[in-house]
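To start, the structure under review is shown below, and the notes come after it.
Every chain is numbered from 1 and lettered A, B, ... according to where its sequence line falls, protein lines coming before strand lines. Treat the numbers as computed from the prediction; the structure is a model and nothing was measured.
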Number of protein chains: 2
Amino acid sequence: MESQDLRNAGLKVTAPRLKMLELLEKAEGRHLTAEAIYRLLLDAGEEIGLATVYRALTQFEAAGLVTRHHFEGGQAVFELERGPHHDHIVCIHCGRVEEFYDEVIEKRQRSIAEKLGFNMRDHTLTLYGECNAPSCMNKRIKS
Amino acid sequence: MESQDLRNAGLKVTAPRLKMLELLEKAEGRHLTAEAIYRLLLDAGEEIGLATVYRALTQFEAAGLVTRHHFEGGQAVFELERGPHHDHIVCIHCGRVEEFYDEVIEKRQRSIAEKLGFNMRDHTLTLYGECNAPSCMNKRIKS
DNA sequence: CTTGCACTTGAGAATAGTTATCATATAAGA
DNA sequence: TCTTATATGATAACTATTCTCAAGTGCAAG
C-alpha cells in the first residue's frame, strides 16, 4: 500500500501524494515529467498545484520511491523505483525509452572507479539512437 | 591554428571566438561552465557578452570543437574536443572530474543497442563517487 | 584598397524549468 | 477534540539559457 511507503519515509499521508503515487503506478514504467503529472491529475479532476508536484517528487526521490532522470533537453523525468537498477536507451527521434541492465558494464564501472581512487556511489548511463518502431520510422521518412 | 578550425566550421574568425578557444585550450581538459568562461575572459580584460559565450559554445558544439556535459546539477560544462571519446567520473564532494575510456563498456553498449533494435548514435556515461584526493578528504572530516 | 552585406556582437528582455515564500488548511499523536 | 508540526496552492523568485535587435565587423568581390 502506498500510504505505508509514505509513512516509512516520514511523510504525512495526504491526498496529493497518494494520487501522484497511484498515477506513477498506473504509468507502468513510463517516464513522466513533473508537468505531465500535474496535467494528468488536473485532467482527472484532482485539485493540485504544480509546486506540490515538484515538492512531492523531490521528497519521493529522497525517500527512494522514485528516480529522477535528466536525459537530453530541459525537463527531468521521473519513474517509480520498482525493482533493481537499470539504465536507459532513448530514441533521438520519437523519445521512446527502453530499459536495460548489463552485469558486465556494472562490474566494469565499479572496477574503473576503484582504479581511479573513487568510492563509487552512483552512475548514469544513457544510450541515444534511432529506434526501429514502425511509427517512428514513418515519421522520419515523411519529414 | 584556431582560426582554421573556425573557418572549417563556416564561422567567421572573430576576437571573442578566438579568445574562447584560447581559454579552453589553456584550461587543458578542465570542464568550464559558460559563466566561468565569461568571467575568466572579463577578468582577463576582454570585452565580451554572456550571450556571445553561449552562442559560440553552441556553435562550437555543432562543429564538433567542444563537448557539452550535464553531470548533476544546473549548469552545463564544456571541454575542448581533443582526441578520442571518453567518459567521466565526478566526485560528489569536491566536483573533481576524471576521464576514462573502456573498450569493454563501449562494445557492450553497441551490442545492447543493437539487441534492442536501436541504431546507436551517442551515449553518456558518468560515474559519481567520493574521490581520495587529500584536499577533498580533509574537507569532509572538518564538516 | 574600398565597399556591401551577411554574419556577429553586446545588452537586456524573454523563456523554461524549478524552487522559495507565505498565508491557509490539515494529518495525526496527545 | 485539541494541538501543532506539516502540507498545500497560488504566485513570486530564481537560475540557466536563448531570443531580440540595433549597432558593429569580417571578408569576398570589385
Practice task
Indicate the ring-plane relationship of Phe71(B) and His31(B), choosing parallel, tilted or perpendicular according to the 30° and 60° boundaries.
Solution key: tilted
Fill in the blank from the handout: Gln59(A) CD to dA5(D) C1', in whole Å, measures 14 Å
Problem - Whole-Å distance separating the CG atom of Leu50(B) from the P atom of dC19(D) - result: 14 Å
Practice task
Name the closest nucleotide to the Pro16(A) side chain, picking from dG26(D), dT26(C), dG9(D).
Solution key: dG9(D)
Exercise for the section: Round to the nearest Å and state the distance from Lys19(B) atom NZ to dT8(C) atom C1'. Expected result: 17 Å
Practice task
May I have the distance from Leu57(B) (atom CG) to dG10(C) (atom P), rounded to whole angstrom?
Solution key: 13 Å
Problem - Test item: side-chain donor near acceptor, His88(B) and Glu98(B), under 3.5 Å - result: no
Problem - Candidates dA7(D), dT8(C), dT18(C) - which lies nearest the side chain of Lys12(B) - result: dT8(C)
Practice task
May I have the distance from Glu47(B) (atom CD) to dA11(C) (atom C1'), rounded to whole angstrom?
Solution key: 11 Å
Exercise for the section: Please tell me which of the listed nucleotides, dT6(D), dC27(D), dT9(C), lies nearest to the side chain of Arg7(B)? Expected result: dC27(D)
Completion exercise
Among the nucleotides dT8(D), dT11(D), dT9(C), whichever has the atom closest to the side chain of Ala51(A) is dT11(D)
Practice task
Please report, rounded to the nearest Å, how far the C1' atom of dT15(D) is from the CZ atom of Arg39(B).
Solution key: 13 Å
Exercise for the section: State which of dG9(D), dT17(D), dT8(C) makes the closest approach to the side chain of Leu11(B). Expected result: dT8(C)
Exercise for the section: Would you mind telling me which of dT17(D), dT18(C), dA28(C) lies closest to the side-chain atoms of Tyr54(B)? Expected result: dT17(D)
Exercise for the section: State whether Thr14(B) places a side-chain N or O below 4.0 Å from either non-bridging phosphate oxygen (OP1 or OP2) of dT9(C). Expected result: yes
Handout entry: Spacing of Asp87(B) atom CG and Tyr101(B) atom OH [to the nearest 0.5 Å]
Key = 9.0 Å
Handout entry: Distance flag, aromatic centroids of His85(A) and His123(A), threshold under 6.0 Å
Key = yes
Fill in the blank from the handout: Leu18(A) CG to dT26(C) C1', in whole Å, measures 14 Å
Practice task
Classify the nucleic acid contact of Glu35(B) as base, sugar-phosphate or nothing, counting any heavy atom under 4.0 Å across all strands shown.
Solution key: nothing
Exercise for the section: Map Ala15(B) and Ala76(B) onto DNA chain D by nearest heavy atom, then report which one ends up closer to the 5' terminus. Expected result: Ala76(B)
Exercise for the section: Give a yes/no answer on whether the side chain of Thr52(B) brings an N or O atom under 4.0 Å of OP1 or OP2 in dG10(C). Expected result: yes
Practice task
In whole angstrom, give the distance that lies between atom CZ of Arg17(B) and atom C1' of dG26(D).
Solution key: 10 Å
Practice task
Could you tell me whether the side chain of Arg55(A) has a donor or acceptor atom within less than 3.5 Å of a complementary atom in the base of dG9(D)?
Solution key: yes
Problem - Rounded distance [0.5 Å steps], CG in Leu57(A) versus OG1 in Thr33(A) - result: 9.5 Å
Practice task
Just call it for Ala56(A): base, sugar-phosphate, or nothing, with non-hydrogen atoms closer than 4.0 Å on any strand.
Solution key: nothing
